[in-house]
Amino acid sequence: MPDLLHFGMDWLAGKLREHVSRTVMYRRGADEIAVQTTIGRTLMKLADGDVGVRMEWTDRDFLIRADALVISGNRITPERGDRVIDDGRAYEVMAPGGEPPWRVSDPFGHMLRIHAKFVGSV
């Protein structure tokens, strides 16, 4: 019997890409690829030393299918310092407070949520 939840998540990721996404350039060093992304943001709960906890929004999150991140024939995962170029604006892959710069966005790893900070226009 097929795994209906797995099938449903894959179908949903496809619909998200088809109806609620746009093309951006994903750049690592001199390599660059066009990928479809859905734009989002994340409210992060961060430890703030002795004070306790502070809340901070990411500048932008990019939801990208994991299988779309292929550079030079190799599937990659996001790394701090990678760049996403969206409509002439550059975002660097990073997250505040030493948090991981990306995470899987569904139980099966179809979509990645990549946290990024605006670093300037290109």
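The first residue in the sequence is number 1, and the count goes up from there.
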Please name all residues satisfying side chain to side chain contact (heavy atoms under 4.5 Å, CB included) with F108, sequence neighbours left out, ordered by chain then number. D3, L5, H6, M9, D106, H110
Is there a continuous path of hydrophobic side-chain contacts, each under 4.5 Å between heavy atoms, that joins [X] to [Y]?
X: V24; Y: V93; answer: yes
X: V104; Y: I76; answer: yes
X: M25; Y: V122; answer: yes

Taking only residues at least two apart or on different chains, which pairs with a member in residues 18-39 satisfy ring pair (Phe, Tyr, Trp, His ring centres under 6.0 Å)? none
Just grab all the ring pair (Phe, Tyr, Trp, His ring centres under 6.0 Å) pairs involving residues 65-105, residues at least two apart or on different chains. F62-Y91, Y91-F118
Starting at [atom1] of [X], measure out to [atom2] of [Y] and round the result to the nearest 0.5 Å.
X: R41; Y: T58; atom1: CZ; atom2: OG1; value: 6.0 Å
X: I39; Y: D86; atom1: CD1; atom2: CG; value: 4.5 Å
X: D31; Y: I71; atom1: CG; atom2: CD1; value: 5.5 Å
X: T77; Y: L69; atom1: OG1; atom2: CG; value: 8.5 Å
X: H115; Y: M44; atom1: NE2; atom2: CE; value: 3.5 Å
X: L112; Y: L63; atom1: CG; atom2: CG; value: 8.5 Å

Can you sort out the partners of Q36 under side chain to side chain donor-acceptor pair (under 3.5 Å), two or more places apart, ordered by chain and number? S21, T23
Closest non-hydrogen atom pair between [X] and [Y], with its separation:
X: D61; Y: A116; value: OD1-N, 4.4 Å
X: I64; Y: A68; value: CG2-CB, 4.2 Å
X: P101; Y: R80; value: CD-NH1, 3.3 Å
X: P100; Y: A95; value: O-CB, 3.4 Å

Listing request: all salt bridge (charged side-chain N to carboxylate O under 4.0 Å, His left out) pairs with a residue in residues 89-105, at least two apart in sequence or in separate chains. R83-E92
Is atom CH2 of W11 surrounded by more than 12 heavy atoms (other residues, nucleotides or ligands) closer than 6.0 Å? no
Sequence neighbours excluded, every pair satisfying side-chain hydrogen bond (donor to acceptor under 3.5 Å, both in side chains) that has a member inside residues 66-75: R65-D67
